[in-house]
Amino acid sequence: MEVETNKAVVQRFYEEVWARGNVDFAKEVFADDYVRHDLRPAPAAPGPRGQALIAEQFRDAFPDLEWRVDLVLGDGDLVAARWTASGTHSGAWGDVAPTGRRATFSGVNIFRFGDDGKVAEIWNHRDDLGLMEQLGAPVFAAAPTSATE
């Protein structure tokens, strides 16, 4: 697939899944065996359903989520996109109970497209520390000290 086509797929993915909440659109974008690389404490569920579940749970936690794509770049089978999102934390997000606080945060995703034109891999880099700080959630921001220091 051409780079411009892949960039358009990524742009539409953000518009459909993240901005509009049409999580079923992930089925059109992600390969059944796509691999997600990020810093979550447990592996994400596999395939398009796994990606849809991530978006669904996040949108449940931030039901008024607003999504803006800031930049989309492509080279070969790779597309990178930077985005900014904001919303009110009205539902549980993982272990974090709803805070009612509004947060604005950003991230970068790198997508690798397979020969079938679907996303085969994604690398997710989101500012979770900044997001957690805005929510007032506890964060681990330093190395633990030893008892002998």
Side-chain angles (χ1 to χ4, degrees), residues 1-139 141:
M1 291 201 108
E2 293 184 20
V3 172
E4 292 305 315
T5 300
N6 293 346
K7 287 169 56 178
V9 167
V10 167
Q11 180 76 37
R12 186 152 181 240
F13 162 70
Y14 287 126
E15 290 170 4
E16 290 291 333
V17 174
W18 290 101
R20 293 189 180 113
N22 177 12
V23 298
D24 288 334
F25 185 73
K27 294 174 189 169
E28 295 181 37
V29 177
F30 291 88
D32 289 339
D33 59 350
Y34 101 96
V35 177
R36 182 179 179 87
H37 307 279
D38 66 3
L39 302 175
R40 46 182 72 247
R49 181 64 197 136
Q51 178 60 49
L53 186 60
I54 290 167
E56 186 176 277
Q57 291 172 343
F58 198 83
R59 290 192 54 82
D60 286 348
F62 296 86
D64 63 345
L65 188 66
E66 297 171 12
W67 201 273
R68 182 184 75 230
V69 177
D70 303 314
L71 177 69
V72 178
L73 302 169
D75 184 24
D77 62 352
L78 298 172
V79 173
R82 183 186 190 282
W83 49 263
T84 301
S86 59
T88 306
H89 183 220
S90 306
W93 180 48
D95 295 336
V96 182
T99 63
R101 293 185 179 187
R102 186 144 180 91
T104 299
F105 51 99
S106 60
V108 173
N109 297 120
I110 302 170
F111 301 80
R112 184 182 66 78
F113 283 79
D115 294 336
D116 62 356
K118 291 192 173 191
V119 174
E121 287 183 276
I122 185 173
W123 289 264
N124 179 49
H125 303 279
R126 182 180 58 218
D127 181 16
D128 283 347
L129 177 61
L131 174 56
M132 297 294 270
E133 287 178 330
Q134 291 176 68
L135 299 181
V139 294

At their closest point, which heavy atom of [X] faces which heavy atom of [Y], and how far apart are they?
X: A92; Y: A61; answer: O-CB, 3.4 Å
X: V17; Y: A55; answer: CG1-CB, 3.4 Å
X: Q134; Y: T104; answer: NE2-O, 2.6 Å
X: G76; Y: N6; answer: O-ND2, 4.0 Å

Quick one: sort the F58 and F62 rings into parallel, tilted or perpendicular, breaks at 30° and 60°.
parallel
Nearest-0.5 Å distance, [atom1] of residue [X] to [atom2] of residue [Y]:
X: E16; Y: Q11; atom1: CD; atom2: CD; answer: 11.0 Å
X: R101; Y: E133; atom1: CZ; atom2: CD; answer: 11.0 Å
X: F113; Y: T5; atom1: CZ; atom2: OG1; answer: 9.5 Å

E56 and R49: CA distance, side-chain angles, deciding distance, salt bridge (charged side-chain N to carboxylate O under 4.0 Å, His left out) verdict
CA-CA 10 Å; E56 186 176 277; R49 181 64 197 136; 3.7 Å; yes
Sub-4.5 Å side-chain heavy-atom contact between [X] and [Y]:
X: V96; Y: H89; result: yes
X: D60; Y: W93; result: no
X: S90; Y: P63; result: yes

Test: [X] and [Y] ion pair at under 4.0 Å:
X: K7; Y: E4; answer: yes
X: R126; Y: D128; answer: yes
X: E15; Y: R68; answer: no

Could you pull out all residues at least two apart from [X] that satisfy side-chain contact (heavy atoms from CB on, under 4.5 Å)?
X: R102; value: D64, E66, S86, T88
X: D127; value: L129
X: A80; value: I110

Using modelled atom types only, decide if a donor and an acceptor are shared between the side chain of H125 and the backbone of G107 within a distance under 3.5 Å.
no
Which pairs of donor and acceptor atoms, one on a side chain in residues 25-34, lie under 3.5 Å apart (sequence neighbours left out)?
| residue | atom | partner | partner atom | Å |
| --- | --- | --- | --- | --- |
| Y34 | OH | Q51 | OE1 | 3.1 |

Applied to residues 72-82, the side-chain hydrogen bond (donor to acceptor under 3.5 Å, both in side chains) test, sequence neighbours excluded, yields D70-R82, R82-T84, R82-S106
Carefully, step by step, assess F13 and W18 under the rule side-chain contact (heavy atoms from CB on, under 4.5 Å).
CA-CA 7 Å; F13 162 70; W18 290 101; 3.4 Å; yes
After noting the C-alpha distance and the side-chain angles of F111 and L78, does the key distance pass the side-chain contact (heavy atoms from CB on, under 4.5 Å) rule?
CA-CA 6 Å; F111 301 80; L78 298 172; over 6 Å; no
Holding to ring-ring contact (aromatic ring centres under 6.0 Å, His included), I want the full list of residues that pass it with H37, two or more places apart in sequence or in another chain.
W123
